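One structure is given here, and the rest of the page talks about it.
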Amino acid sequence: MAASPPAAESSAGLRPEPPLAQPKRQACANCARFGLDVDLADSGSRLCGQCKTFRRNHKVMPHEAICRAWANGTSRITPGLIAEAKAHAQRKRRAS
């Protein structure tokens with residue numbers, strides 16, 4: 001009985017192809033502050049689609065309660081949460 005050749009030699013001396021690398025995940029800069037792992041919709045910005053839309057509509061960044069609601073699957077944001085986000089942004093502007 002003849003021994004079978006090693007696997008490296010059986011492919012005519014060619015090197016095995018390296019595994020394809022997946023692109024690195026990019027997290028939303030705003031949601032990441034609160035420990036949430038939300039991927040970006042497009043690579044052109046640092047925000048996820050929901051944060052970008054919220055900022056465009058309300059002129060402030062969403063705060064932790066809003067981001068956590070989105071992460072938990074709640075898409076409806078109450079007017080109270082929007083008012084909190086606006087008040088939170090005003091406090092930061094006055095402090096600086």
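None of these values were measured; they are calculated from a predicted model. All residue numbers refer to positions in the sequence shown, counting from 1.
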*Verdict with supporting geometry, Leu81 and His63, side chain to side chain contact (heavy atoms under 4.5 Å, CB included)*: CA-CA 9 Å; Leu81 288 174; His63 60 82; 4.1 Å; yes
*Any chance you could measure Gln50, atom CD, to Ser75, atom OG, to the nearest 0.5 Å?*
8.0 Å
*asked:* With rounding to the nearest 0.5 angstrom, report the CD1 to CD1 distance, Ile66 to Ile82.
replied: 6.5 Å
Might you point out which heavy atoms bring [X] and [Y] nearest each other, and give the distance in Å?
X	Y	answer
Leu47	Cys28	CA-SG, 3.8 Å
Arg68	Phe34	NH2-O, 2.7 Å
Leu40	Ser45	CD1-O, 3.2 Å
Ala69	Ile77	CB-CD1, 4.2 Å

Give a yes or no on whether the backbone of [Y] and the side-chain of [X] come within a donor-acceptor separation of less than 3.5 Å.
X	Y	value
Asn30	Pro62	yes
Thr74	Trp70	no
Arg46	Gln26	no
His88	Ala83	no
His58	Val60	no

